[in-house]
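Protein chains get the first letters and strands the later ones, always in sequence-line order, with residue 1 at the start of each.
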Amino acid sequence: MEEDLISKKQLLELTGISYGQLYRWKRKQLIPEEWFIRKSTFTGQETFFPKDMILSRIDNIVNMKDGLSLDEMADKLSDKASFDRVSVSAAEIIERNIVSSVTLGKFGERLGVKNGYSFDQLTYLLAVDRLLSAGEMNMEEAELLFRTLMNKASNLESESWELFFIRKMGVSSFILAQAPAELWFDEGVKLVSKILSADVIEQLKGKLAFKLVE
Amino acid sequence: MDKRQLPDLIINGVSGGAGGTYNSVQIDGVGKVTGPIVTRIFKGNGHMNLKNDLSAEEAECNGTMKVLGHLRFNSLKVDGMITVGESFRGESCTLHGMLNIKGDCELEDFAGEGSFSVGGLLSAGHVDFKLQGQGKAHEIGVESLVIRQTNSGVWSKMLSGIIPKLRSELRARTIEGDFIDLEYTIADVIRGNIVIVGPGCTIERIEYRDQITVHPEAKVGKVEKIGE
């Protein structure tokens, strides 16, 4: 399965940043080296990026730029530990529009949270919220997905996982795999959606950046 | 930083060392160091042969230096020749002579005169370089790039005819940047906001956003305006 990629040229057109900025951010390690994917095209070699991740990362950089120097930002964005210490209250989640109130209302309480939600808990909520708000699954399935993530994701050895949401003859199920995973299904299976933990984490980092700037 | 006083490493004459963490490293003569060096100040005069990484806040090199591993620094001054086996990373570098890097080169400021060769990506904030020999990089990505050729005399013109490596020109596959001002450059693609192409250039394709100037003696294939 091909990951969704964006070429350097498209990226610059879309975000309005310049070559100089892009290379500068790369030098400051704001954009990880692994995201620069070289591919040959008919016009020669070109650089591509994983689309969702690079777009939300650039969004983060642009939004954080006023409060912090580039070096400070590089530290914060690459350091997951600083996000692990973050705890977010339910009111903040709604105010900052981190996940929708429907998702929060239905699943939030079940995490048994008193003081605030942790980063990992928020990634699960955000993953559920993404599929729900995209209209790709119903509440019953969301229930199942949430339980899967809560119980199983922490069992995975590495922090990055991929979630496959499949449906066959109207019966839906989830597959949680350690990334990078490649799965093949039989013909009757429809892959409704796929979620990468790295994407969710990147998106969440951007939404939580305000916590670090304070 | 640790408050304890770090030792110094001094090599005089023909000698060697093992590497480690130092306050300052001074090599005069022929010095060979086998392990990685981390130091505040590095000064080398003569012939330095480092078998591993070098990381220094301030570095100075007069003569020839070979670093087989990575080279990291805050500021570096070179009079002579440096060969780096892996990557080259720092804030500012002033070069008079030759620079030869097998891996990537990442700098904020790069100024000097002479020749350079970068195996991977040359990424820098500002490059202001006078060529006296060949400049070579696989890819260049910068904020601003200014390349000039120093006035070559009759002798160097004759020699460069015989030995192509001595010809003062820049060769790169792609050059990308905000401000690009070039002379005597051979490249496949140039992409930038403001592009100035001077004499002696052979460029297959230029993509620019704001402004372009092409010297009549330059050979340019296709020019395209992008963006808006």
Would a distance-only check, ignoring hydrogens and angles, find a side-chain to backbone donor-acceptor pair under 3.5 Å from A:Glu13 to A:Gln10?
-> no

Of all of B:Thr174, B:Leu107, B:Asp188, B:Asp104, which one pairs up most often with chain A through heavy atoms under 4.5 Å apart?
-> B:Leu107

B:Lys225 side-chain N/O to B:Arg209 backbone N/O, donor-acceptor pair under 3.5 Å = yes

Anything under 30° is parallel, anything over 60° is perpendicular, the rest tilted; go ahead and classify A:Tyr124 against A:Trp161.
-> tilted

Is the shortest side-chain N to carboxylate O distance from A:Glu46 to A:Lys9 below 4.0 Å?
-> no

Under the 3.5 angstrom rule, does the side chain of A:Gln21 hit a backbone N or O of A:Ser18 as a donor-acceptor pair?
-> yes

Considering all heavy atoms, the nearest B:Met81-B:Val78 contact = N-CG1, 4.4 Å

For A:Leu14, is it the side chain, the backbone, both, or neither that has a heavy atom closer than 4.5 Å to a heavy atom of chain B?
-> neither

What part of B:Leu121 gets closer than 4.5 Å to chain A, counting heavy atoms only: side chain, backbone, both or neither?
-> side chain

Hey, which residues of residues 59-75 of chain B are touching chain A, say heavy atoms under 4.5 Å apart?
-> none

Structural part of B:His126 lying under 4.5 Å from a heavy atom of chain A = neither

Taking side chain as C-beta onward, heavy atoms only, is A:Leu22 less than 4.5 Å from A:Leu11?
-> yes

Test ring-ring contact (aromatic ring centres under 6.0 Å, His included) on A:Phe36 and A:Phe49 and set out the steps.
-> CA-CA 6 Å; A:Phe36 287 74; A:Phe49 300 92; 4.8 Å; yes

